[in-house]
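Worksheet: the structure to be examined is printed underneath.
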There are 2 protein chains.
Amino acid sequence: MHKPVPGNSLKPACSTCNLRKLCLPVNLNSVEITRLDNLISRKGVYRQGSILYRSGDKFQALYAIRTGFFKTQILNEDGREQATGFQMAGEIIGLDGINSDAHTCDAVALEDSEVCEIPFSKLEDLSRELPSLQRHLHRILSREIVRDQNIMLLLGSMRAEERLATFLLNLSQRFAEGGYSPTSFQLRMTRQEIGSYLGLRLETVSRALSHLQDSKLIHMRNRSLEILCMSGLQACIGKRAR
Amino acid sequence: MHKPVPGNSLKPACSTCNLRKLCLPVNLNSVEITRLDNLISRKGVYRQGSILYRSGDKFQALYAIRTGFFKTQILNEDGREQATGFQMAGEIIGLDGINSDAHTCDAVALEDSEVCEIPFSKLEDLSRELPSLQRHLHRILSREIVRDQNIMLLLGSMRAEERLATFLLNLSQRFAEGGYSPTSFQLRMTRQEIGSYLGLRLETVSRALSHLQDSKLIHMRNRSLEILCMSGLQACIGKRAR
DNA sequence: CGATATGTTGATGTAATTCAACCGCAGTGG
DNA sequence: CCACTGCGGTTGAATTACATCAACATATCG
């Protein structure tokens, strides 16, 4: 029913780079598709732990994740870090750099990954010719804004267990959109990285996961997660709202 | 030296609507400027407390704030709210709606305000013709992403007083960019609204402000703020980083 | 003017952090 | 081969920063 999730990496999200299907599901005819495909080059492989770009790097391209898993994080002066997102196959990464022609966060591969590079000025050129591509680019940018604002809501008003439940349900949904099982998947990140994303210490993440497990809502073994009760997870968001 | 800050509203940021100067400081010749100006209609006046748009409203236009002050906020199912931003004259509001053709937050006037409406599809049309306008629109979208991610850092890793100091310094900088005093201005929002933005209860906001005042870094009387020691405020960000 | 909003401050409670001990595992090297 | 080490993860105990509850003060507005 679902594609199996392989141990070490997600399947390619796309054919050439398949921006049509997932990254850019845009109404284009075959000639236009070809023009879009011609923009895009296979950037190559990033081993687990390697850096796609660093804060301060010159911005020149967006990246479409073909296979694998990334995290993005910002660091401030005094060394604090905040994971700003986890990106999986089929998602676009690098939007932060457009503003100042320099990236403002680091992008790190959490497993061996393949990305396609989309030179941004060429994408702008083409999107001036193809209104539906233009519109789609705007949606991608706006979607990131909406997504970030929902994380702000999470960070500003949810308790630890609610944050975890929200996080797991979000991952579940995205795996489902990628064609994988929504109830059984591998976490690609450490407890520390989850905590950085959710504004919690790693011990708190561990405790909250243990508690969800004790409540029979999930089953965890190392990094493999099984969601036992989707509605229970949903229900625990909003409990004891403040 | 600085324009005085009037009691009830900021001065217009612009001439017709002055997207050139602040909202869209774009390199355009006079013909192109006129074409841009022709897109933009004076939307009119919003009294304090009135709603520019609500979550769920159909998205059709961006808004450039000509005078006044807004907040944007999202509400989730169980009634929690999160202020996602405070916008002042010269800033663009409504980017959240592009993604799904519907707004995802409420925009509320915190004082009597004037906005100009920029029909989005027409802006897209024109930006296909004018590369520098296109580039600028992309920067505006990306800037919002970067801004939101910095709020994520604040919400995820800063203590109450650091959040307040960061917030006040940000306001200060934006007032300075608008030509007003960076050290003396009126807060347009309640303690509750500040707290909603910073992920704190209003009592905590009040206490943190009192403490900054006791430390001689600021002087507050009701909503009028004076920053007594800019560097001291900066220094208190990062103290006892966790 | 009184009524309602907003803001301050104190006392108390609590969720999350901090600190620490411990386990299992993978990689390393004697 | 097995001790040694480092890393990721779990769990317990003590601490703390913030929330909550409550009383009161001040400002705003019809």
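Side chains included, hydrogens not; waters and symmetry mates left out as well; all remaining heavy atoms used. Chain naming here is simple, since letters A, B, ... match the order of the sequence lines and numbering starts at 1 in each.
Under the Watson-Crick or G-U wobble criterion, with both distances below 3.5 Å, D/dT16 is paired with C/dA15. A 3.5 Å limit on both hydrogen-bonding distances identifies D/dG9 as the Watson-Crick or G-U partner of C/dC22.
Residue A/E161 contributes atom CD, which lies 9 Å from atom P of C/dA16 at whole-angstrom precision. Straight-line distance from the CD atom of B/Q186 to the P atom of C/dG7: 12 Å, rounded to whole Å. One atom, CE of B/M220, and another, P of C/dT8, lie 7 Å apart when rounded to the nearest Å. The distance from atom CD of A/Q192 to atom C1' of D/dG9 is 12 Å, rounded to the nearest whole Å. Atom CG of B/L202 and atom C1' of D/dA22 are 13 Å apart (whole Å). Look at CG on B/L110: it is 14 Å from C1' on C/dT6, rounded to the nearest Å. Between the P atom of C/dA16 and the CG atom of A/L209 lies a distance of 13 Å, rounded to the nearest Å. Rounded to whole angstrom, the span from the NE2 atom of A/H211 across to the C1' atom of D/dT11 amounts to 14 Å.
Contact annotation: A/R223 side-chain N/O to D/dG9 OP1/OP2 distance is under 4.0 Å. Considering only side-chain N and O atoms, A/S210 lies under 4.0 angstrom from the phosphate OP1 or OP2 of D/dT11. Taking 4.0 angstrom as the limit, A/R207 places none of its side-chain polar atoms (N or O) nearer than this to OP1 or OP2 of D/dG12.
Counting only heavy atoms from C-beta outward, the side chains of A/L155 and A/Q82 approach each other to under 4.5 Å.
D/dA23 takes the anti form, because its glycosidic angle lies more than 90° either side of 0.
Separation of atoms SG (A/C105) and CD (B/Q149) is listed at 5.5 Å; rounding is to 0.5 Å. Note that CD of A/E144 is 11.5 Å distant from CG of B/L141, once rounded to the nearest 0.5 Å.
When the nucleotides C/dT17, D/dT11, C/dG7 are ranked by their closest atom to the side chain of A/R201, C/dT17 comes out on top. Relative to the side chain of B/N222, the nucleotides D/dA27, C/dG7, C/dA16 differ in distance, and D/dA27 lies closest. Which of C/dA16, D/dT11, C/dT6 sits closest to the side chain of B/T190 comes down to C/dT6. Of the candidates C/dA16, D/dG9, C/dT9, the closest approach to any side-chain atom of A/S206 belongs to D/dG9.
Nucleic acid contact class of A/R221 (heavy atoms, under 4.0 Å, all strands): none. Using a 4.0 Å heavy-atom criterion, one finds that A/T204 contacts the bases of the nucleic acid, with or without backbone contacts as well.
For B/E203 against D/dC21, a side-chain N or O and a base N or O form a donor-acceptor pair under 3.5 Å.
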Requested in this report: Might you work through the salt bridge (Lys or Arg N to Asp or Glu O under 4.0 Å) test for A/E177 and A/R174, ending with a clear yes or no?
Outcome: CA-CA 5 Å; A/E177 284 166 8; A/R174 288 157 66 197; over 6 Å; no
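For A/F86 and A/F70, the gap between ring centers reaches or exceeds 6.0 Å.
Between B/K58 and B/Q60, the side chains place no donor N or O within less than 3.5 Å of an acceptor N or O (distance only, hydrogens not considered).
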